[in-house]
Amino acid sequence: QVTSFQAVAVRSLCTSSPHEHPEHGRLVYKGNLAKAVLGVKFFSYSTSIFNLFLMPYIMLKTGIGFDSLLVQAAFYGLIGFFTFVTPVTLHVLTKGYVIRLYYKDDMDTYTAITYNAILAEKATVFHQKDVKIPDITKMFTTFYAKTKSMLVNPTLFPNPQDYDHLMGYDKSFYFNLEEEKEPGERK
């Protein structure tokens, strides 16, 4: 019983919740694909770098060469395409994936943590009023925050009210009935 008493005493001394961040606020969302996105991007970058260093060595040592300049250009172009285009495409597709999302109640601001091009975490701070929902559903965009596309999974919010507030669904709708009547009166 002494052990359980000590555990309770230690817990009561903790001043902040494990989901609190002193700078960003309360954790409201955690993406479940964060490690997968990081792993795929790291693998793509490392294979591209490996390819850049290894390909000239292989070409010189094996004597693989082409007589035609056009065939050489096509071969090197194909190798360069996969070396550079794959990591760039992966970055473009995953740059808006939100790893964690924090919310500060007192300032009504969100901090979205994403990965940048060099695989470091990048923080984007925005207000709820900066959130725009796209008119047409887009493949890798849930909302725009200051014109930056963000991707979140609504089912991963532990508290659905946090998602509703982020998207502005908790605001009341206002319909102007006079604007509705004007087009009908002109007919």
Side-chain angles (χ1 to χ4, degrees), residues 11 14-55 77-173:
R11 281 189 205 139
C14 183
T15 58
S16 66
S17 132
H19 299 293
E20 286 285 328
H21 191 276
E23 183 182 343
H24 302 308
R26 177 176 54 95
L27 180 68
V28 294
Y29 172 83
K30 187 172 182 179
N32 60 350
L33 296 177
K35 287 184 180 179
V37 167
L38 182 65
V40 167
K41 286 176 85 169
F42 180 76
F43 178 74
S44 176
Y45 288 176
S46 62
T47 56
S48 291
I49 291 169
F50 181 74
N51 190 22
L52 283 174
F53 287 113
L54 193 62
M55 196 46 108
L78 185 67
I79 297 298
F81 176 80
F82 287 110
T83 301
F84 296 110
V85 172
T86 304
V88 170
T89 303
L90 277 172
H91 173 67
V92 167
L93 293 177
T94 61
K95 70 179 177 181
Y97 183 74
V98 177
I99 305 164
R100 292 182 309 277
L101 185 68
Y102 296 96
Y103 177 65
K104 274 192 172 179
D105 292 322
D106 55 344
M107 301 176 75
D108 197 26
T109 59
Y110 289 91
T111 303
I113 308 295
T114 57
Y115 289 125
N116 64 10
I118 59 170
L119 304 179
E121 291 185 356
K122 177 183 174 186
T124 304
V125 179
F126 58 94
H127 291 278
Q128 193 282 324
K129 64 183 176 185
D130 296 330
V131 173
K132 304 283 186 258
I133 302 169
D135 294 333
I136 300 171
T137 306
K138 301 204 176 179
M139 186 176 290
F140 294 103
T141 303
T142 307
F143 64 92
Y144 290 102
K146 296 183 177 178
T147 69
K148 182 178 179 184
S149 67
M150 298 281 181
L151 177 66
V152 295
N153 184 349
T155 60
L156 295 179
F157 281 83
N159 186 358
Q161 287 80 16
D162 289 329
Y163 177 73
D164 292 343
H165 183 68
L166 169 70
M167 301 300 278
Y169 297 152
D170 59 347
K171 295 179 182 175
S172 60
F173 293 106

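These figures come from a predicted structure and were not determined experimentally.
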* Asked: What's the spacing between Gln128 CD and Met107 CE if we round to 0.5 Å?
  -> 15.0 Å
* Asked: Is a donor on one side and an acceptor on the other found under 3.5 Å between the side chain of Glu121 and the backbone of Thr114?
  -> no
* Asked: Is a side-chain N or O of Lys148 found less than 3.5 angstrom from the main chain of Thr124, in a donor-acceptor match?
  -> no
* Structure fact -> Nearest heavy-atom contact between Gly25 and Lys104 is CA-CG, 3.8 Å
* Asked: Is the shortest heavy-atom distance from the side chain of Phe143 to the side chain of Lys132 under 4.5 Å?
  -> no
* Approximate separation, where rounding is to 0.5 Å, of Tyr102 OH and Glu23 CD -> 10.0 Å
* Does the side chain of Tyr169 reach to within under 4.5 Å of the side chain of Ile133, using non-hydrogen atoms? -> yes
* Could you tell me whether the side chain of Thr142 and the main chain of Val152 form a donor-acceptor pair under 3.5 Å? => yes
* Any side-chain heavy-atom pair from Thr141 and Leu151 closer than 4.5 angstrom? -> no
* Note, Tyr29 side chain near Val98 side chain (heavy atom, < 4.5 Å) -> yes
* Structure fact -> Sequence neighbours excluded, the answer for side-chain hydrogen bond (donor to acceptor under 3.5 Å, both in side chains) partners of Thr111 is none
* To do: Mark yes when over 12 heavy atoms from residues, nucleotides or ligands other than Asp106 sit less than 6.0 Å from its CG; otherwise mark no.
  => yes
* Hey, what do you get for CG (Leu54) to OG1 (Thr47), rounding to the nearest 0.5 Å? -> 12.0 Å
* Indicate yes or no for a side-chain donor-acceptor contact from Tyr163 to the backbone of Pro158 under 3.5 Å, with no hydrogens or angles considered. => no
* Tyr97 side chain to Leu33 main-chain N or O, any donor-acceptor pair under 3.5 Å? -> yes
* Structure fact -> Heavy-atom closest pair (His24 atom, Ala123 atom, distance to 0.1 Å) is CE1-CB, 4.2 Å
Solution key, residues 78-93 side-chain donor-acceptor pairs under 3.5 Å, sequence neighbours excluded:
from  : atom 1 : to    : atom 2 : distance (Å)
Thr83 : OG1    : Asn51 : ND2    : 2.6
Thr83 : OG1    : Ile79 : O      : 2.7
Thr86 : OG1    : Phe82 : O      : 3.2
Thr89 : OG1    : Val85 : O      : 2.7
His91 : ND1    : Lys41 : NZ     : 3.3

* To do: Measure the spacing between NE2 of His127 and CG of Asp108 and express it to the nearest 0.5 Å.
  => 8.0 Å
* **Heavy-atom side-chain proximity of Phe126 to Thr109 below 4.5 angstrom** => no
* Side chains of Tyr45 and Leu119 in contact at under 4.5 Å (non-hydrogen atoms) -> yes
* Does a donor on one side chain and an acceptor on the other come within less than 3.5 Å for Asp130 and Tyr144? -> no
* To do: Give a yes or no answer on whether the side chain of Tyr110 reaches the backbone of Leu166 with a donor-acceptor pair at less than 3.5 Å.
  => yes
* Rounded to the nearest 0.5 Å, how far does OH of Tyr115 lie from OG1 of Thr94? -> 10.0 Å
* Between the main-chain N or O of Val125 and the side-chain N or O of Lys146, is there a donor-acceptor pair closer than 3.5 Å? -> yes
* Structure fact -> The complete set of side-chain hydrogen bond (donor to acceptor under 3.5 Å, both in side chains) pairs with one or both residues in residues 150-162, sequence neighbours excluded, reads Arg26-Asp162, Asn153-Thr155
* Does Lys30 NZ have over 12 foreign heavy atoms under 6.0 Å away? -> no
* Asked: For His165 and Tyr103, does a side-chain donor sit closer than 3.5 Å to a side-chain acceptor?
  -> yes
